[in-house]
Amino acid sequence: MNEKYDFNEIERKWQKYWEENKSFKVTEDYSKEKYYVLEMFPYPSGKLHMGHVRNYSIGDVVARFKHMSGFNVLHPMGYDSFGLPAENAAIKNGVEPAEWTYSNIAEMTEQMKRMGLSYDWDREVATCTPEYYKWMQWIFIQFYKKGLAYKKENPVNWCPSCQTVLANEQVVGGCCERCGSAVGKKNLSQWYLKITDYAERLLENLEKLEGWPQKVKTMQKNWIGRSVGAEVEFEIKDFDKKLEIFTTRPDTLYGVTYMVMSPEHPFIEALTVGTEYEAAVKEYQEKVQKMTDIERTSTAGEKTGVFIGRYAVNPLNGKEVPIYISDYVLMDYGTGAIMAVPAHDERDFDFAKKFGLEIIPVVQPEDPSVDVNHLEQAFVAEGKMINSEMFTGMDNKQAIEKIIDYLEDQKIGRKAINYKLRDWLISRQRYWGTPIPMIYCEHCGWVPEKEENLPILLPTDVEFTGKGESPIATSKTFAETVCPKCGAKAHREVDTMDTFLDSSWYFLRYCDARNENAAFDPEKAKYWMNVDQYIGGVEHAILHLMYSRFFQMVFYDLGLVKDEEPFKNLLTQGMVIKDGKKMSKSIGNVVSPEEIIGKYGADTARLFILFAAPPDRELDWSDAGVEGSYRFLNRVYRLVYELADQCRNAPKNYEIKSSADKALAYEMNASIKKVTEDAGGRFMFNTAISSIMELVNEIYRYKELDTLNTALLADAVEKLILILSPFAPHICEEMWQHMGHSESVYCEAWPVYDETALIKDEIEIVVQLNGKVKEKLNIQTNLDKTAFEKAVMENDRIKALLEGKEVIKVIAVPDKLLNIVVK
RNA sequence: GCGCGAUUGGCGGAAUUGGCAGACGCAAUAGACUUAGGAUCUAUCGGGCGACCGUGGGGGUUCAAGUCCCUCAUCGCGCACCA
């Protein structure tokens, strides 16, 4: 150990040591309790950004802490390495996507190693390797066999810039989640996964996820969007099919004054062909089809639509009502048609006002100031039923049940549950993804490839044009094959899978990353799963986290895993910002991890990022703050350098004699306790570090004393190194070695604190008069209420304080405070 | 519009169960050491001369409120014609 803290030399030295000694390699040890800590694996864009550094620093503290606490820790890392940027690089610079990707992976791995992260690199996965996507294809086939994968033609979200379709989840505010272009619609035949079959379980299980942030659970709940109501059949006059609608308010059936169908509704053609309304209807349909989602939502509230010249019959009272089409009714929710009750629905109210339609109230508000016959806006609250024949007079909530019963009796409707969640569109017209292992045969239809023929390798004889069709279609050899079932000439699917499939099971692959015979060994998965702590950005709250839950449930149903849920605890880390803004190239406020590590070292970077804010909050980058963390590490280093000789020669056992001894022993144990709780359970690394700082300050005070208990001092210094080591591992290894240890600090046991050292004989308590602090006294600890009150009240200063006052009440909280209520 | 979450010194933040508001750090000020200091050490550091006042504003519950309840404001995030 040099006199000066040379982080460069120290960090290289210990990174080499860990690598050579395979310090972080982990195997299944069924005799030991496991702990699986996982950080969301990155897309290999080339360089780490501060968000990665924060994510991995948090995970590394947890991993190192749990390892020292005796757990068999699985802490893996890998790359979500399929995806568009690689292909765009190919189009732009002519580099092979594989080459571009693997060189980025190499660079990022190097950067992660420079950070001193405790990953078991032997378990690294990259989703773009045939070893990985072989099993992705196998999984797809299992889904297909279970009836969970199907192909169908549908209007789909189409990103004109990425030239591919998008899942609903990937359309944010009408724009492509990736590139921000306005998303349009296109009719295409595509592969889907039946996630809607799991809607109820995905929703129900959210309750059980106690270790998840409420925010994420709420977001998923809203996304699944369950609503309970009824399906009701309306006859259409002079038409042989019935119009089915979904409503959450069957109690308002008597208030129906018109119907609205989505412009895409399949009946419309037959209902209008050859009529005087046909032209206007067609015109409206075309207008709506041309609009992008943004245009549609930008005019939300302003209702448009046309009457189609037809009438529907209310099944409860036989009333005939006109049928309209309007874009406020969506084809892909419910049945694509609604019953309109303008009195009790805001949208219907707006529409009725605009088109001069009748408004019939059927729920009487309790508030007498609302005139139900002259509504200014829709009345959507609860009340008593009116104008509803035999249901009149009931509470409307009760009427919902009664009317559903009646509908079911009459066979004109039924109770129904609807979800916003749609099936997951997984086809992508791109190259750099897992080929969908399906073959189309003219005789047999779609047939999965034989499992022994997997993986279906990505062809390399392709052209990257960036145009509408999958580049795989340009391969001369890929598509041509024979039907696995009948042997006839057949052709392969040329689309690839959405990369979100790859990341929906990587946490299982880590359990058994090198397995060549299975996606993972269920026995190993049973040992490691589930993930005890998952850490990543909140931007994955819906997409990745819900897809992964879906996959896990399917695996559960296939008997491959023992739990329905993959992630026991979830920590969503906050963003790293600078000057109050998100770091971005255009603002020019980006701080590069490389630069910081080069200037101060990885330990400083890690320490600062953990100290500056609690992990789930935004972190405002501060250059001065980094200096502070650097100064702190230097301060610790100097302390150990100065005291090491003394400490090495100190005896092991000691007695606490002086009050200074007691103070140091107290601080040492208090710090261990605090760090144990904050790093191990509460995940408040900022306060953990601040308590380590307090210990350092206390040791600095102590070492200046004339009479020292060197054994105690040595103990304090060693404990300090141990509890600091998960945060700043390199410097701690160096100091630990300098203290005379040959074993890596990573392999040491986490220190246990001594509860008795935390008990003080005397404590400063507060005396309040009418809730205001007036005096502070040193009082013996551990007294009961009466003795505590007596001890305080008999104090001369308190007696003086109470001079001439009448004591009305005394509230005693032993070891804390005494509040005297006086007049 | 609906649903979350936040708001504490000059700044980042602490206060875990209702019990001393401001731990720890940054910045700042003064001093020491020094040829020098952007190193290190020591001290001060919410406001007010003070009684006291202070956790976004107003109200409430309580012996006691940053913490619980009501209400308003601002900022951030999510969803957004979901029948």
Side-chain angles (χ1 to χ4, degrees), chain A residues 4 172-174 213-223 225-227 229-230 245-249 252 260 262 296-297 299-303 326-330 332-341 344-348 350-351 418-422 538-539 541-542 574-575 580 607-608 611-614 616-629 631-632 634-635 638 674 677-678 681-682 684 686-694 696-697 700 704 764-776 808-813 815-822:
Chain A
K4 206 176 152 287
V172 181
Q214 193 54 50
K215 183 189 164 95
V216 173
K217 290 195 274 186
T218 309
M219 280 166 73
Q220 291 206 359
K221 191 178 162 196
N222 292 341
W223 190 263
R226 180 185 199 262
S227 41
I245 60 97
F246 173 75
T247 179
T248 54
R249 294 291 304 272
T252 62
V260 189
S262 157
R296 259 174 100 144
T297 44
T299 55
E302 209 176 299
K303 297 286 179 286
S326 172
D327 67 350
Y328 85 87
V329 176
L330 312 170
D332 65 357
Y333 183 77
T335 62
I338 62 156
M339 62 178 213
V341 186
H344 304 293
D345 181 281
E346 280 171 39
R347 294 150 301 171
D348 298 346
D350 293 345
F351 192 89
N418 238 295
Y419 299 93
K420 263 168 55 176
L421 184 70
R422 301 270 73 90
V538 74
E539 66 273 16
I542 297 174
M575 259 202 304
L607 193 75
F608 168 72
F611 178 61
D616 55 347
R617 247 200 258 182
E618 253 179 13
L619 184 152
D620 204 344
W621 187 268
S622 142
D623 293 328
V626 182
E627 293 272 357
S629 294
R631 266 206 298 271
F632 171 71
N634 272 287
R635 192 167 148 82
R638 284 196 307 273
K674 183 86 180 141
E677 288 169 357
D678 286 0
R682 234 164 48 108
M684 293 284 280
N686 53 335
T687 51
I689 294 166
S690 75
S691 102
I692 297 174
M693 288 170 168
E694 285 177 278
V696 172
N697 292 342
Y700 262 95
E704 293 307 316
E764 190 182 61
I765 64 103
V766 167
V767 182
Q768 299 179 327
L769 277 198
N770 296 338
K772 293 211 162 65
V773 181
K774 293 289 174 187
E775 276 289 354
K776 293 185 180 179
I808 296 170
K809 197 174 168 185
V810 178
I811 294 102
V813 184
D815 299 348
K816 274 209 176 113
L817 100 178
L818 192 87
N819 188 11
I820 309 164
V821 185
V822 294

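Within every chain, numbering begins at 1; the chains are lettered A, B, ... in the order of the sequence lines, protein sequences first and strands thereafter.
- Comparing the C1' positions of B/C77 and B/U67 gives a spacing of 24 Å, expressed to the nearest Å.
- Phosphate contact (OP1/OP2 of B/C4, side-chain N/O of A/Lys215, threshold under 4.0 Å): absent.
- For the pair A/Ser227 and B/A83, the criterion of a side-chain N or O lying under 4.0 Å from OP1 or OP2 is met.
- Counting any heavy atom pair closer than 4.0 Å across all strands shown, A/Gly628 reaches sugar-phosphate atoms only and no base atom.
- Side chain of A/Asn770 to main chain of A/Val822: a donor-acceptor pair is present (N/O by atom type, distance under 3.5 Å, no hydrogens or angles).
- Nucleotides B/G58 and B/A65 place their C1' atoms 16 Å apart, quoted to the nearest Å.
- Distance check: A/Thr218 OG1 to A/Lys221 NZ gives 7.0 Å after rounding to the nearest 0.5 Å.
- For B/A23 and B/C45, the P atoms lie 11 Å apart once the distance is rounded to whole Å.
- For the pair A/Leu817 and A/Lys674, both in contact range of RNA chain B, the more 5′-proximal nearest nucleotide belongs to A/Lys674.
- Spacing of P atoms, B/G56 relative to B/C52, comes out at 24 Å, to the nearest Å.
- If you check every strand for non-hydrogen atoms under 4.0 Å, A/Lys420 touches a base.
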Secondary-structure string, 5' to 3', Watson-Crick or G-U under 3.5 Å, | for another-strand partners, for RNA chain B: (((((((..(((......[....))).(((((.......))))).((....))..(((((..]....))))))))))))....

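- One cannot find a donor-acceptor pair under 3.5 Å joining the base of B/C52 and the side-chain atoms of A/Lys772.
- Distance from the side chain of A/Leu330 is smallest for B/A83 among the nucleotides B/A14, B/A83, B/G78.
- Counting only heavy atoms from C-beta on, A/Tyr333 has its side chain closest to B/A83 among B/A83, B/G13, B/A23.
- Closest to the A/Ser690 side chain, of the nucleotides B/U16, B/C24, B/A83, is B/C24.
- Here the CG atom belonging to A/Asp348 is positioned 4.5 Å from the CD1 atom belonging to A/Ile338, to the nearest 0.5 angstrom.
- With rounding to whole Å, A/Ile820 atom CD1 is found 11 Å from B/C63 atom C1'.
- Counting non-hydrogen atoms under 4.0 angstrom, A/Asn697 reaches the backbone sugars and phosphates but no base.
- Not one side-chain nitrogen or oxygen of A/Asn686 sits closer than 4.0 Å to the OP1 or OP2 atom of B/G25.
- When rounded to the nearest whole Å, the span between CE of A/Met684 and C1' of B/G13 equals 9 Å.
- Taking 4.0 angstrom as the limit, A/Arg635 places a side-chain polar atom (N or O) nearer than this to OP1 or OP2 of B/C41.
- Comparing B/G19, B/A27, B/A21 by their nearest atom to the side chain of A/Val773 picks out B/A21.
- A/Asn418 places no side-chain N or O within 3.5 Å of a backbone atom of A/Ser227 that could act as its donor or acceptor partner.
- A/Tyr328 contributes no side-chain N or O that, together with a main-chain N or O of A/Phe351, makes up a donor-acceptor pair within less than 3.5 Å.
- A/Ser622 comes within contact range of no nucleotide atom at all, as no heavy-atom separation falls under 4.0 Å.
- The residue among A/Ile765 and A/Asn222 whose nearest nucleotide of RNA chain B lies closer to the 5′ end is A/Asn222.
- Distance check: A/Phe611 CZ to A/Ile692 CD1 gives 10.5 Å after rounding to the nearest 0.5 Å.
- Comparing the same atom, P, in B/C72 and in B/C2 gives a spacing of 11 Å after rounding to whole Å.
- OP1 or OP2 of B/C41 lies within a sub-4.0 Å distance of a side-chain N or O belonging to A/Arg638.
- A straight line from CD of A/Gln768 to C1' of B/U62 spans 13 Å, rounded to a whole angstrom.
- Nearest nucleotide to the side chain of A/Thr218, out of B/A23, B/G13, B/G3: B/G3.
- Using C1' as the reference atom, B/G66 and B/U55 are 5 Å apart when rounded to the nearest Å.
- When heavy atoms are screened at a 4.0 angstrom cut-off, A/Val329 is found touching base atoms of the nucleic acid.
- Here, B/U40 and B/U34 have their C1' atoms 11 Å apart, quoted to the whole Å.
- A/Arg631 has no side-chain polar atom (N or O) that falls below the 4.0 Å cut-off from OP1 or OP2 of B/C41.
- Side-chain proximity of A/Phe611 to B/C26, B/U16, B/G25: nearest is B/G25.
- Between the C1' atom of B/G19 and the CD1 atom of A/Ile811 lies a distance of 11 Å, rounded to the nearest Å.
- We find the NZ-CG distance between A/Lys420 and A/Asn222 to be 6.5 Å, quoted to the nearest 0.5 Å.
- Among B/U40, B/C20, B/G12, the nucleotide with an atom closest to any side-chain atom of A/Ala612 is B/G12.
- Atom NZ of A/Lys774 and atom C1' of B/C52 are 9 Å apart (whole Å).
- For the pair A/Ile338 CD1 and B/C81 P, the computed distance is 13 Å after rounding to whole Å.
- Within a 6.0 Å radius of CD in A/Glu677, other residues, nucleotides and ligands contribute more than 12 heavy atoms.
- Residue contacts for A/Gln214: at a heavy-atom cut-off of 4.0 Å it reaches no nucleic acid atom on any strand shown.
- Note: CE (A/Met575) to C1' (B/A6) measures 14 Å, nearest angstrom.
- Contacts of A/Arg682 with the nucleic acid, taken as non-hydrogen atoms under 4.0 Å apart, include base atoms.
- Rounded to the nearest Å, the gap between the P atom of B/A39 and that of B/A28 is 10 Å.
- Taking NZ from A/Lys4 and CG from A/Asn634, the interatomic distance works out to 7.5 Å, rounded to the nearest 0.5 Å.
- With rounding to the nearest 0.5 Å, the separation of CD1 in A/Ile765 from CG in A/Leu818 is 6.0 Å.
- A pairwise comparison of heavy atoms in A/Arg682 and A/Asp678 identifies NE-OD1, 3.0 Å as the closest pair.
- Atom CD1 in A/Ile689 sits roughly 13 Å away from atom C1' in B/G12 (whole-Å rounding).
- Taking 90° from 0 as the syn/anti boundary, the base of B/G9 is oriented syn.
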